[in-house]
Amino acid sequence: MDQRLLLTTTYLGPIDYFRQIYTAPKVVIEQNDHYTKQTYRNRCRIATSNHLLDLTIPVIRPKEKCPTKEIQISYKENWRINHWRAIESAYNSTPFFEYYRDDYEVVFMKKYNYLIDFNMDLLETTLRLLHISKEIEKTSEYIPKEDNNPWDMREAFHPKHESTTQITPYYQVFEHKFGFQPNLSIIDLLFNMGPEAIFTLRK
């Protein structure tokens, strides 16, 4: 069996998504699947001082089904500034936000036409900050599903379904208010734990 981890694209995906990337020999991002609403493709979940918050990138809705790679970002509202301010407000008191903020802010301030390009830049930035050297490819055509293929995790991560994988608790700045919140966006782990974030991905 071809041991390539097959994933959908995500917007600053959850911790377990990155743990799977870390442990895989090779990673392929499916960009030719039909775009699906209300998924991590254009949504990430962070912890704020008041509650968990989903940040959703507005996209231009196609009239018919189209592949994810053709989904364009909508700029009718100033979501880039709003998302960055929400991230800044949520994490400016974490130990490592100032250490990593410039790397992420520069990506947020660029204007991307396509969702896949924005997500890939964020993915590459995050892997670099985690010191994970991994070959990442995008599909040239849709890869059909195979029964009982453990490397196909295109449907494994969804914001409406709790992950069955246990995330080892780590320090979270708001844990004293809400308790430990598992499997948030990877930036929650990175901003709270810094260089030690990689140890959570190894467990």
Answer with yes or no after comparing the ring centroid distance for [X] and [Y] against a 6.0 Å cut-off, counting only values under it.
| X | Y | value |
| --- | --- | --- |
| Phe191 | Phe97 | yes |
| Phe108 | Phe118 | yes |
| Tyr22 | His131 | no |

Without swapping roles, check the side chain of [X] against the backbone of [Y] for a donor-acceptor pair under 3.5 Å.
| X | Y | answer |
| --- | --- | --- |
| Arg43 | Pro159 | no |
| Asn119 | Arg41 | yes |
| Trp79 | Ser74 | yes |
| Thr23 | Arg19 | yes |
| His83 | Thr56 | yes |
| Lys134 | Ala24 | yes |
| Arg45 | Pro14 | no |

- Message: Test of understanding: clusters of I, L, V, M, F, W, Y form through side-chain heavy atoms closer than 4.5 Å, transitively. Do Tyr112 and Val106 belong to the same one?
- Response: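 Shared cluster, yes.
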- Can you hop from Ile116 to Val28 via hydrophobic side chains spaced under 4.5 Å?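 Different clusters: Ile116 never reaches Val28 through Ile, Leu, Val, Met, Phe, Trp or Tyr contacts under 4.5 Å.
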- Item | Within 45° cone and under 6.0 Å: Lys65 NZ/CZ vs Tyr35 ring |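 The answer is no, since Lys65 fails at least one limit relative to Tyr35.
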- Task: Take Leu123 and Phe18 through the test side chain to side chain contact (heavy atoms under 4.5 Å, CB included) and record every step on the way to the result.
- Result: CA-CA 9 Å; Leu123 173 61; Phe18 280 85; 3.6 Å; yes
Between [X] and [Y], do the side chains contain an N or O donor and an N or O acceptor separated by less than 3.5 Å?
| X | Y | result |
| --- | --- | --- |
| Thr139 | Asn32 | yes |
| Lys26 | Gln3 | no |
| Asp33 | Tyr142 | no |
| Tyr170 | Gln172 | yes |
| Tyr104 | Thr126 | yes |
| Thr68 | Gln31 | no |
| Asp188 | Tyr91 | yes |

Is there a side-chain contact between [X] and [Y], using heavy atoms and a 4.5 Å cut-off?
| X | Y | result |
| --- | --- | --- |
| Glu30 | Ile143 | yes |
| Arg154 | Lys145 | yes |
| Asp16 | Ile167 | yes |
| Thr36 | Thr8 | no |
| Glu77 | Pro58 | yes |
| Phe178 | Glu175 | no |

- Message: If the test is ring-ring contact (aromatic ring centres under 6.0 Å, His included), which one of Tyr40, Tyr11, Phe157 qualifies with Tyr17?
- Response: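 Considering Tyr40, Tyr11, Phe157, a ring-ring contact (aromatic ring centres under 6.0 Å, His included) with Tyr17 is found only for Phe157.
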- Task: Over 60° means perpendicular and under 30° means parallel, so classify the ring planes of His176 and Phe174, tilted if in between.
- Result: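 It falls in the tilted class, 30° to 60°.
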- Task: Hey, can you tell me if Tyr100 and Phe96 have their rings parallel, tilted or perpendicular (30° and 60° cut-offs)?
- Result: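 Tilted: the ring planes of Tyr100 and Phe96 meet at 30° to 60°.
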- Intermediate values then yes/no, side chain to side chain contact (heavy atoms under 4.5 Å, CB included), Ile87 and Ile187: CA-CA 9 Å; Ile87 291 170; Ile187 60 173; 4.0 Å; yes
- Message: Quick check: closest heavy atoms across Ile136 and Ile29, and the distance to 0.1 Å?
- Response: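 Between these two residues, the closest heavy atoms are CG2-CG1, 3.8 Å.
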- Report the C-alpha separation of Val27 and Leu6 in whole Å, then their side-chain angles, then the decisive distance to 0.1 Å, and conclude whether the side chain to side chain contact (heavy atoms under 4.5 Å, CB included) test is met. CA-CA 6 Å; Val27 179; Leu6 186 57; over 6 Å; no
- With a 4.0 Å cut-off, would you call Arg101 and Glu98 a salt bridge?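 Yes, Arg101 and Glu98 are salt-bridged.
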